[in-house]
Number of protein chains: 2
Amino acid sequence: MSMPGISLRQIGFLVALSDELNFSRAAEACNVTQPTLSAGLRELEGTLGVQLAERTRRSVIMTPVGREIAERGRRLLIGAQDIETLAAEQSKPHAGDLTLGAIPTIGPFLLPRALPRIRDAFPNLRLFLREEMTESLLDGLHGGRLDAVVIAQPFEIGNLETAFMFDDGYHLAAPPSQAEVPDGAVTGEVLTGKRLMLLEKGHCLQRHALSAYPGADIRPDESFSATSLSTLIAMVSEGLGITLLPDLSIDAGAARGSQLRLAPLADACPRHVVMAWRKTSARAGLFRDLAALLTQSRDAMRTA
Amino acid sequence: MSMPGISLRQIGFLVALSDELNFSRAAEACNVTQPTLSAGLRELEGTLGVQLAERTRRSVIMTPVGREIAERGRRLLIGAQDIETLAAEQSKPHAGDLTLGAIPTIGPFLLPRALPRIRDAFPNLRLFLREEMTESLLDGLHGGRLDAVVIAQPFEIGNLETAFMFDDGYHLAAPPSQAEVPDGAVTGEVLTGKRLMLLEKGHCLQRHALSAYPGADIRPDESFSATSLSTLIAMVSEGLGITLLPDLSIDAGAARGSQLRLAPLADACPRHVVMAWRKTSARAGLFRDLAALLTQSRDAMRTA
DNA sequence: CATGGACATAGGAATTTCCTATCACTGTAA
DNA sequence: TTACAGTGATAGGAAATTCCTATGTCCATG
């Protein structure tokens, strides 16, 4: 294993530059001055023997190799940080910073309830929470911006490790006026031929809700799309249509105060809510513990 | 992406130490003096905040974290080297050093014939060849000791990329005395109930030959095992038993000069010979080209 | 034409690196 | 027991590197 001629610092410069496409901003991101970054990149180009970025006076354009190397470099930096994290986890288990992402149809209903429990179990953990849609979460995970994410399967997992947390079924939500929705539990039959109001494109709930009854003739109401579950609930209250709401959101009280008719759909295919992280992550143990805590929190909401 | 506190150089120290378990030898491997490595490792332990190695006066023992971090570090170094290789490949395509491994039942018969062709096509490539058994080759590949390997499927590929090269069938090889083996092509039936002499444990040809006729009652001759194909051929010549020889070795003239009776087994399941390399390798293009050249060389042997 | 923002360059101070020389210790062999 | 060989740690200083400030040069824009 011969010694590398390049340094992580220089790789960091390259990655920052490929993100910012601007020497000064990249330098700032690296906590160095612009000349330092400039020299560092020049030296990297020297040792590698290839041009990594085209500098015109006005803009920076990465060369194809530059882009490729920046991408590999990003993975390298993540690996280096994993090593540091691993060491930190070793000396102070379950402490330090953790950036956790969650999809908007789960995060706001689950995490606030779970926070006391988490704080209690891991008092030295500083939790940074983010809500994004699945695709963005997975990007962030692979790019090192996020450490772990809470998402709903089915979805295309890449090179990820997952821990199952709980299944999340659906309630039918209809305006109080809509008498065709009975009180109490109903089955998927009431939905046949109906049009559902859904969240806007990109939310996995959209896709999942439509496949809650595989083969059934359930279609989206193309004329509406909501940006959040609370908007959706408001729209249903206004009598604009019906929708499926995740059980979790209802148990969390999202529909409390509104005049919805809610009926559990016991026979719907539930979503599988999981915690996911990079296979190479240094804190799989923490993530698994965290997943268990979130499962507990969800169970507590059910019985309450 | 915050800047790492550790350096590749220090990681290199750790990896070398975990390989050598001796500061002086590790230092030599890193081309530094022992005090330098000593200080570097101490500093690494300082920034990581964990002890990586226990130093007694008499020996070095890696701590569990030390081992884990060394393993991750090794992957990091490979990634860094891949970047350098990628850059080199960019500025001088298909040049530089390449360490190619091959199993002993293929390498010696294929590579010598192919060398002129390779030299011709890639005059700036310096090829280092190694012959090892499959398991060792795969280890070397993942550990960065080898860049690409030539092996025979089926086998458990890990995170590898492969390029198919050619199928390699079998000839039945028997002593000249053994009249039960007819001249000309034969089918698997002649083998039923027979005992085959094979290479010693670890050679994939052993396993492959026995499964050339799935379901057939062919068993190894436990009392013999050869260390190389030429030994095996000599043993058959001596009348000690019969065996299956790969077509490639015969076309390469391995049995030339011996008194074997050779009969092609047209209906045997052939081995699939492939080139394999790390998915993350920077020279997939070169490897694919090389595989094509080797396929050509093999075909040339057939027609000749 | 003046301006602001971009990246490159220069020079020097501060830091870091890394070597040689040496120490302190410990098993081993005479 | 003593001498020795081999281990990793330590010290000190020379050399190299790093990285900042200040400045230069070019270009697009108003």
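Just so it is clear, the values below take in all heavy atoms, side chains as well, and ignore hydrogens, waters and symmetry mates. So that the names make sense, note that chain A is the first sequence line, chain B the second, and so on, each numbered from 1. As the structure is a computational prediction, the values presented were derived from the model and not from experiment.
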> In whole angstrom, give the distance that lies between atom CG of B:Leu21 and atom C1' of D:dG6.
16 Å
> Which residue lies toward the 5' end of DNA chain D, B:Asn22 or B:Ala39, if each is placed at its nearest nucleotide?
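Whichever sits nearer the 5' end wins; that is B:Asn22.
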> Does C:dT17 have its OP1 or OP2 closer than 4.0 Å to a side-chain nitrogen or oxygen of B:Arg9?
no
> Compare side-chain N and O positions of B:Ser24 against OP1 and OP2 of D:dG6 and report whether any pair is under 4.0 Å apart.
no
> In terms of the nearest nucleotide of DNA chain D, which residue is placed more toward the 5' end: B:Pro35 or B:Arg25?
B:Arg25
> Do B:Thr162 and B:Trp277 have side chains that get closer than 4.5 Å, going by heavy atoms?
no
> Give the rounded distance in Å between these two atoms: CG of A:Asn31 and C1' of D:dT18.
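Result: 16 Å.
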> Between D:dC19 atom P and A:Glu43 atom CD, what is the distance in whole Å?
10 Å
> Rounded to the nearest angstrom, tell me the gap between atom CG in A:Leu41 and atom C1' in C:dC7.
11 Å
> Please state whether the phosphate of D:dG8, meaning OP1 or OP2, lies under 4.0 angstrom from any side-chain nitrogen or oxygen of B:Ser38.
no
> Atom CZ of B:Arg55 and atom C1' of C:dA24: how far apart are they, to the nearest Å?
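Whole-Å distance recorded here is 16 Å.
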> Ignoring backbone atoms, establish whether B:Arg42 has a side-chain N or O less than 4.0 Å from OP1 or OP2 of D:dT10.
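Yes, within the criterion.
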> Between A:Leu52 (CG) and C:dC7 (P), how many Å, whole number?
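Rounding to the nearest Å, CG of A:Leu52 and P of C:dC7 are 15 Å apart.
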> Going through the distances and angles, do A:Arg145 and A:Asp139 end up as a salt bridge (charged side-chain N to carboxylate O under 4.0 Å, His left out)?
CA-CA 8 Å; A:Arg145 185 168 53 78; A:Asp139 277 0; over 6 Å; no
> Output the single nucleotide from C:dC19, C:dA8, C:dT17 whose closest atom is nearest the side chain of A:Phe23.
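Out of C:dC19, C:dA8, C:dT17, the nucleotide with an atom closest to A:Phe23's side chain is C:dA8.
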> Any donor-acceptor pair, under 3.5 Å, between the side chain of A:Gln34 and the base of C:dA8, if you only look at N and O atoms?
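Between C:dA8 and A:Gln34, which were checked side chain against base, a qualifying N/O pair under 3.5 Å is present.
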> Using atom CG of A:Leu37 as one end and atom P of D:dC20 as the other, report the distance to the nearest whole Å.
10 Å
> Could you tell me how far apart B:Gln51 (CD) and D:dA9 (P) are, to the nearest whole angstrom?
10 Å
> Counting just side-chain N and O atoms, does B:Thr33 come under 4.0 Å of either OP1 or OP2 of C:dC18?
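Result: no.
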> Between B:Arg67 and B:Glu71, is there a salt bridge with N-O shorter than 4.0 Å?
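No salt bridge links B:Glu71 with B:Arg67.
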> Below 4.0 angstrom, N of the basic side chain to O of the carboxylate: do B:Asp82 and B:Arg283 qualify?
no
> Applying side-chain contact (heavy atoms from CB on, under 4.5 Å), can you list everything that pairs with B:Gln34, at least two apart in sequence or on another chain?
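Partners of B:Gln34 by the side-chain contact (heavy atoms from CB on, under 4.5 Å) criterion, ordered by chain and then number, come out as B:Phe23, B:Ser24, B:Ala27, B:Ser38.
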